[in-house]
Amino acid sequence: MRALLVVNPAATTTSARTRDVLIHALASEMKLEAVTTAHRGHARELARRAAESRDIELVVALGGDGTVNEVVNGLLHHGPDPDRLPHLAVVPGGSTNVFARALGLPNDAVEATGALLDALRERRDRTVGLGLAAGTPGTEDESVPARWFTFCAGFGFDAGVIGRVEQQRERGKRSTHALYIRQAVRQFLDEPRRRHGVITLERPGHDPVHDLSLSIVCNTAPWTYLGSRPVYASPGASFDTALDVLSLSRLSTASVARYATQLLTSSPERGPHGKHALSLHDLTDFTLHSKVPLPFQMDGDHLGLRSSVTFTGVRRALRVIV
């Protein structure tokens, strides 16, 4: 098997020595080309070339969710085609690794490599659905290029938190769960539209839902992890269905405390619920509009401010080694 290994040298939980060990282990089982990324977007370029080459059968992403997202977007540059495109494999090397863990992989890079090699020997794979977000025709964001996401997107509050975390990381702070919690508190205190939301959700065949304060779009469950604890925003979300949405219509102090508690105690059977929570399951097409530009994130990557985003859930997008 010919394979491309895309290595993020800045992966937070793998050392150079560990990466060398993993490369040697993978190279013992396949004809492997290992390339270290040199800049933002490099993983996407490498995966695109692999998809266009027609002779690469497998692309392995060694890094966090951002690296995986770039690789997926490179593989799907010309659209989904699970039977023709190279398979994807993931070795987790980031701080959270939501996509890899949602697939059932160990969160340790060495253990995950062993599981990957076992899966290759036993020819185990699965086809996963993905989400696609694009600028909405007829709006000021219509020229924004479409981009795939593997596990979640966020419009409003949670994207603002991620933007704050990225600013702190640029100043040298480590990506920790405590950092996320501190920035979430600061985002809440600075949020000017806590009580009256500005987001409208539109979907074919249904009346629009107005005055939402935040929207989280999930392609799988859990939504994220706090250490070893999974957090479920949309417990019914799955790689086998389209997209799920959790929206909140109020961000008062009391409602935030209630829904934060529900998130922290969420389970595969029950997520956030109540009169200010809207949960929608298995949506193929919908759009989120905002009266004012809001922060937007995909797979934990802050993408700036948007006024309108159109989402598509694609059920069979890519084959993944598991």
Side-chain angles (χ1 to χ4, degrees), residues 1-6 22 25-26 29-30 32 43 47 50-51 56-94 96-109 111-132 148-153 217-225 230 232-244 268 281-284 298-300 311-322:
M1 172 181 286
R2 290 200 60 188
L4 170 68
L5 173 63
V6 178
L22 301 181
L26 293 170
E29 298 288 336
M30 62 192 76
L32 183 72
I56 298 293
E57 300 172 74
L58 174 68
V59 176
V60 184
L62 171 52
D65 288 310
T67 303
V68 174
N69 181 278
E70 284 198 20
V71 168
V72 165
N73 275 277
L75 289 172
L76 299 184
H77 179 80
H78 298 291
D81 189 348
D83 297 325
R84 183 192 63 81
L85 291 173
H87 286 40
L88 170 70
V90 178
V91 177
T96 310
N97 308 303
V98 178
F99 180 68
R101 294 164 81 177
L103 287 170
L105 292 170
N107 197 37
D108 176 80
E111 292 183 12
T113 300
L116 167 60
L117 293 173
D118 288 341
L120 288 169
R121 294 186 193 109
E122 298 169 14
R123 300 183 179 274
R124 295 199 313 264
D125 63 34
R126 64 176 292 188
T127 303
V128 298
L130 298 172
L132 183 67
W148 297 90
F149 60 96
T150 64
F151 65 92
C152 83
V217 182
C218 292
N219 185 52
T220 189
W223 166 51
T224 190
Y225 292 83
Y232 296 87
S234 297
S238 167
F239 289 127
D240 298 320
T241 61
L243 301 173
D244 282 26
H281 175 60
D282 197 16
L283 303 186
T284 302
M298 294 172 65
D299 285 348
F311 293 89
T312 304
V314 180
R315 287 184 175 84
R316 295 187 75 255
L318 194 62
R319 296 189 74 82
V320 181
I321 302 296
V322 291

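Position 1 is the first residue of the sequence; numbering continues from there. Atom set for the values below is all heavy atoms of this structure, side chains included, hydrogens, waters and symmetry mates excluded.
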(request) For R316, check salt bridge (Lys or Arg N to Asp or Glu O under 4.0 Å) against everything at least two apart and list the hits. (result) none
(message) So, taking the atom named OG1 in T127 and the one named CG in L318, what distance separates them when rounded to the nearest 0.5 Å?
(response) 8.5 Å
(request) Using the test side-chain hydrogen bond (donor to acceptor under 3.5 Å, both in side chains), find all partners of T220 that sit at least two apart in sequence or belong to another chain. (result) none
(request) Return each pair, listed once, that meets salt bridge (charged side-chain N to carboxylate O under 4.0 Å, His left out) where at least one residue sits in residues 66-79; pairs must be two or more places apart or across chains. (result) none
(request) Would you mind telling me which of V217, L130, L132 makes a side-chain contact (heavy atoms from CB on, under 4.5 Å) with F149? (result) V217
(message) Do V60 and V90 have side chains that approach each other closer than 4.5 Å (heavy atoms only, starting at C-beta)?
(response) no
(request) Could you list the residues that satisfy side-chain contact (heavy atoms from CB on, under 4.5 Å) with L32, not counting sequence neighbours? (result) A3, L5, I23, L26, A27, M30
(request) Apply salt bridge (Lys or Arg N to Asp or Glu O under 4.0 Å) to E29 and list each qualifying residue two or more places apart in sequence or on a separate chain. (result) R121
(request) Measure across R315 and T241 and return the closest heavy-atom pair with its distance rounded to 0.1 Å. (result) CG-C, 4.0 Å
(message) For a quick test of reading the model, state the closest non-hydrogen atom pair linking A51 to G74 and the distance between them.
(response) CB-O, 4.4 Å
(request) Could you list the residues that satisfy side-chain contact (heavy atoms from CB on, under 4.5 Å) with P235, not counting sequence neighbours? (result) Y232
(message) Under the rule for ring-ring contact (aromatic ring centres under 6.0 Å, His included), what residues qualify as partners of Y225, not counting sequence neighbours?
(response) none
(request) Apply side-chain contact (heavy atoms from CB on, under 4.5 Å) to S234 and list each qualifying residue two or more places apart in sequence or on a separate chain. (result) C218, A237, D244, L246
(message) Return the CG to CG distance between D65 and D299, rounded to the nearest 0.5 Å.
(response) 6.5 Å
(message) Quick one: does any side-chain atom of N73 pair with a main-chain N or O of W148 as donor and acceptor, under 3.5 Å?
(response) yes
(message) Suppose we screen for side-chain contact (heavy atoms from CB on, under 4.5 Å). Which residues come up paired with R126, at least two apart in sequence or across chains?
(response) L103, V128, F239, D240, V322
(message) Could you measure the distance from the CD atom of E57 to the CE atom of M1? Nearest 0.5 Å is fine.
(response) 5.0 Å
(message) Applying ring-ring contact (aromatic ring centres under 6.0 Å, His included), can you list everything that pairs with F311, at least two apart in sequence or on another chain?
(response) F286
(message) Please list all pairs meeting side chain to side chain donor-acceptor pair (under 3.5 Å) that have one or both residues in residues 98-109, counting only residues at least two apart or in different chains.
(response) N97-N107
(request) Starting from the C-alpha separation in whole Å, work towards a yes-or-no answer on side chain to side chain contact (heavy atoms under 4.5 Å, CB included) for L105 and F99. (result) CA-CA 9 Å; L105 292 170; F99 180 68; over 6 Å; no
(request) Measure the spacing between CG of L4 and CD1 of I56 and express it to the nearest 0.5 Å. (result) 6.0 Å
(request) Grab the two heavy atoms, one from P106 and one from P92, that are nearest each other, plus how far apart they are. (result) O-CG, 3.4 Å
(request) Determine, step by step, whether L62 and T67 satisfy the side chain to side chain contact (heavy atoms under 4.5 Å, CB included) criterion, reporting the C-alpha distance in whole Å, the side-chain angles of both residues, the deciding distance to 0.1 Å, and the verdict. (result) CA-CA 7 Å; L62 171 52; T67 303; over 6 Å; no
(request) List the atom of V71, the atom of A43, and the distance in Å for their closest heavy-atom pair. (result) CG2-CB, 4.1 Å
Which side-chain N or O atoms in residues 81-89 pair as donor and acceptor under 3.5 Å with protein atoms at least two apart or in another chain?
| from | atom 1 | to | atom 2 | distance (Å) |
| --- | --- | --- | --- | --- |
| D81 | OD2 | R84 | NE | 3.4 |
| H87 | NE2 | D125 | OD2 | 3.2 |

(request) Any chance you could measure H281, atom NE2, to L243, atom CG, to the nearest 0.5 Å? (result) 10.5 Å
